[in-house]
Amino acid sequence: MTILSKVNGPRDLKVLSQHQLTTLAEEIRSFLVESVSRTGGHLGPNLGVVELTIALHRVFDSPRDTIIFDTGHQSYVHKILTGRTNFAALRQAGGLSGYPSRAESGHDVVENSHATTALSWADGIARGLQLRGIEDRRVVAVIGDGAMTGGMAWEALNNIAEDPERPVVIVLNDNGRSYAPTIGGMVRRFDPVRRLDTLRINRNYEQLMDRTKRALQDAGTPGKMAYGALHSLKKGVKDIFIDAGVFDSLGLKYIGPVDGHDMPELEEALTLARDYGGPVVVHAITEKGRGYKPAEEDEADRFHAIGAIHPETGLPIVPERFGWTSVFAREIRKLARQNASLVGITAAMLRPVGLGLFKDEFPSRVIDVGIAEQHALTMAAGLAFSGFHPVVALYATFLNRGFDQMLMDVALHKAPITICLDRAGITGNDGASHNGMWDLSLGAIIPGLRVAAPRDGERLRELLGEATQVEGPTLLRYPKGEVPEEIPALHRLPQVDIIHETFPSAPVRGVPDSDAVGGRGEGAGGSRMGDSLPASPWFRLVRWHMRP
């Protein structure tokens with residue numbers, strides 16, 4: 001029997017030797033490659049957190065201790081170690097979700113895939129433990145893979161740091177792909193520095209430092225001068241050997257960097273953090289795609305998310321068909337060649353949203369703001385004020401996070417910004433939190449916003465070109481997947497394409513005199529897209545058309 005077959009829950013890990021744990025890690029990687037290559041899913045991120053997840057479940061007592069993954073695509077190993085090893089229908093109806101799911105297990109807490117939320121969840125859960133007087137539980141937030149570029153994470157850190165008793169352990173999974181890596185070789189190589197870390201994450205040390213501080217400061221000017229000198233020396237030593245950075249500035253205890261693939265080192269660091277009793281950051285350096293050569297050699301994203309592949313080579317079983325994203329990618333590059341005022345903006349998803357070709361040709365005109373949709377939209381408003389026409393490309397589900405900015409910073413100022421929403425509508429195996437279902441509802445209440453939903457690739461090209469000429473905000477939405485065959489119009493009117501008539505010879509009547517699609521005539525900021533066609537026997541299917 002394999003060791004993996006004997007692991008039915010976290011408690012089974014605690015009796016394994018280090019040799020057995022090393023073998024288990026190898027078996028989990030083989031299992032992930034074999035399983036995810038059949039179904040598709042997030043392979044690279046999970047190959048990188050195998051040892052880290054094993055160590056977490058050996059040190060902490062889930063679900064008594066709460067473990068939260070941000071984002072949830074890092075949770076496949078967590079699922080395996082908590083008894084969910086049937087990956088045959090991963091991300092399919094009746095199978096395991098691609099993200100944590102409360103319906104699957106009591107070990108799962110947060111059911112979404114929107115990044116930067118885990119620290120806020122952890123802060124709230126930990127506050128709840130404090131208010132209930134529970135002192136023997138911990139809350140662990142595993143964050144990384146780009147999530148530390150989001151502002152919400154730093155808002156949460158600011159609040160977590162205010163209370164030195166809050167039982168939160170923050171595991172920073174630094175895989176070198178999104179969050180800037182910290183050079184930490186000296187920390188791992190020199191035992192004196194390792195002992196310094198161990199000493200600092202110790203309540204007795206904290207109490208000694210507090211007593212020393214009070215005694216020296218009560219000793220008048222000479223004592224204060226001595227304390228200042230000692231404090232500066234301590235800080236200088238830390239800055240030389242330990243890259244605690246902003247965490248130290250916030251007053252958070254920091255351990256690391258530690259090797260995220262060295263289980264004894266991870267367990268030592270996590271045990272120190274667990275026993276400290278207050279907020280601690282454990283900085284683990286991991287390698288995305290580790291142990292699978294095709295992923296390790298993939299410079300684009302280390303097999304972040306894949307479809308079905310041949311496990312031996314990493315090549316797709318069925319070549320991806322020409323999709324909506326590809327149409328957008330080629331057309332925005334073409335428009336950028338013609339219009340020097342176009343600037344692309346992405347929120348940590350350069351190639352998934354189709355801005356890669358634009359970036360390759362005009363690197364200074366495509367801006368990646370990280371996982372920060374709010375900042376993306378307001379920054380776009382600033383660019384528009386400076387004379388540019390920003391094109392903000394997002395997955396439709398992530399527009400939700402920038403609603404206030406779309407309303408107050410973009411629409412209120414009538415900013416010439418085009419928002420392009422990929423994966424609008426139902427997105428199938430991406431999961432519930434990735435469904436782009438809310439953008440039309442949100443857009444319908446934005447004054448002056450013109451909205452269009454192209455019916456085929458040619459209409460996407462046409463509408464995108466029109467949108468980038470409009471002196472006001474525009475929004476284009478298109479679904480995930482393949483582009484249908486072109487659907488030509490039978491008649492083209494100023495506001496509408498008629499693509500099917502029940503009675504072709506009948507006169508065209510009842511076409512509303514609106515200037516845009518998706519709204520209800522004139523809005524506070526000008527025309528917008530909207531009214532449905534009146535009931536009429538002459539029309540069965542129409543697609544509204546946008547004009548500048």
Side-chain angles (χ1 to χ4, degrees), residues 7 9-18 20-22 24-25 28 46 48-70 74-75 77-78 80-82 107 109 118-119 121-122 125-126 129 135-145 148 157 160 165-175 179 182 184 187-188 193-203 205 242-244 247 252-287 290:
V7 176
R11 292 187 178 180
D12 295 331
L13 298 172
K14 300 181 188 296
V15 299
L16 299 179
S17 67
Q18 283 300 323
Q20 289 173 315
L21 291 171
T22 300
L24 175 63
I28 289 174
N46 288 285
V49 297
V50 175
E51 291 86 0
L52 176 58
T53 310
I54 292 172
L56 281 168
H57 278 294
R58 277 173 58 84
V59 173
F60 295 95
D61 183 18
S62 177
R64 182 178 175 82
D65 294 322
T66 303
I67 301 177
I68 305 167
F69 287 86
D70 186 340
Q74 302 179 84
S75 66
V77 184
H78 165 75
I80 293 168
L81 297 179
T82 53
H107 294 277
V109 175
L119 298 186
W121 274 94
I125 295 170
L129 294 175
E135 299 180 352
D136 60 345
R137 299 184 191 178
R138 299 291 179 265
V139 183
V140 184
V142 183
I143 186 166
D145 212 22
M148 290 300 292
L157 275 175
I160 291 169
E165 304 296 325
R166 192 153 298 148
V168 175
V169 176
I170 300 163
V171 179
L172 176 56
N173 173 28
D174 183 350
N175 59 25
Y179 187 85
T182 303
V187 177
R188 292 192 294 275
V193 180
R194 293 285 304 282
R195 287 197 294 271
L196 175 62
D197 251 354
T198 304
L199 179 63
R200 289 174 60 236
I201 311 302
N202 184 288
R203 285 292 182 185
Y205 167 76
I242 304 169
D243 189 3
F247 305 114
L252 292 164
K253 294 301 176 185
Y254 171 93
I255 303 176
V258 298
D259 185 343
H261 303 293
D262 184 325
M263 279 187 279
E265 186 173 345
L266 282 168
E267 288 188 34
E268 179 185 354
L270 292 170
T271 301
L272 284 169
R274 179 198 66 193
D275 295 344
Y276 179 68
V280 180
V281 175
V282 178
H283 183 176
I285 305 294
T286 63
E287 182 184 358
R290 184 180 178 90

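One-based numbering along the sequence shown.
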>> Set out, in order, the CA-CA distance, both residues' side-chain angles and the distance that settles side-chain contact (heavy atoms from CB on, under 4.5 Å) for Arg138 and Val280, then state yes or no.
In response: CA-CA 11 Å; Arg138 299 291 179 265; Val280 180; over 6 Å; no

>> Any heavy-atom pair between the side chains of Arg274 and Val282 that's under 4.5 Å?
In response: no

>> The criterion is salt bridge (charged side-chain N to carboxylate O under 4.0 Å, His left out); which residues satisfy it with Arg290, sequence neighbours excluded?
In response: Glu287

> Say you draw a straight line from CD of Glu267 to CG of Asp262; how long is it, rounded to the nearest 0.5 Å?
Replying inline: 9.5 Å

>> I want to check something: taking the side chain as every heavy atom from C-beta on, are Ser62 and His57 in contact at a cut-off of under 4.5 Å?
In response: yes

>> Rounded at 0.5 Å granularity, tell me how far CG in Leu172 sits from OH in Tyr254.
In response: 7.5 Å

> Taking atom CG of Asp136 and atom CG of Asp65, what is their separation to the nearest 0.5 Å?
Replying inline: 8.5 Å

> Taking it one step at a time, do Val140 and Val59 satisfy side-chain contact (heavy atoms from CB on, under 4.5 Å)?
Replying inline: CA-CA 11 Å; Val140 184; Val59 173; over 6 Å; no

> Once the angle between the rings of His78 and Phe69 is folded into 0 to 90°, is it parallel (under 30°), tilted (30 to 60°) or perpendicular (over 60°)?
Replying inline: tilted

>> Quick check: closest heavy atoms across Pro257 and Glu265, and the distance to 0.1 Å?
In response: O-OE2, 4.3 Å

>> Would Leu21 and Arg58 count as a side-chain contact (heavy atoms from CB on, under 4.5 Å) here? Give the steps.
In response: CA-CA 10 Å; Leu21 291 171; Arg58 277 173 58 84; 3.4 Å; yes

> Between atom CD1 of Ile125 and atom CZ of Arg137, what is the distance when rounded to the nearest 0.5 Å?
Replying inline: 11.5 Å

> Could you walk me through whether Glu51 and Asp259 pass the side-chain contact (heavy atoms from CB on, under 4.5 Å) check?
Replying inline: CA-CA 10 Å; Glu51 291 86 0; Asp259 185 343; over 6 Å; no

> Between CE of Met263 and CG of Leu13, what distance do you get to the nearest 0.5 Å?
Replying inline: 9.5 Å

> Among Ile170, Ile160, Val168, which one satisfies side chain to side chain contact (heavy atoms under 4.5 Å, CB included) with Val281?
Replying inline: Ile170

> Is any side-chain heavy atom of Ile28 closer than 4.5 Å to a side-chain heavy atom of Ile54?
Replying inline: yes

> What is the distance from atom OG1 of Thr82 to atom CG of Asp12, rounded to the nearest 0.5 Å?
Replying inline: 11.5 Å

> For the side chain to side chain contact (heavy atoms under 4.5 Å, CB included) test, which of Val142, Val139, Val171 pairs with Ile68?
Replying inline: Val139

>> Could you check whether any side-chain heavy atom of Val169 comes within less than 4.5 Å of a side-chain heavy atom of Phe60, counting everything from C-beta outward?
In response: yes

> Below 4.5 Å, heavy atoms only, C-beta onward: do His107 and Ile67 meet side chain to side chain?
Replying inline: no

> So which of Leu270, Leu266, Thr286 actually passes side chain to side chain contact (heavy atoms under 4.5 Å, CB included) with Val258?
Replying inline: Leu266

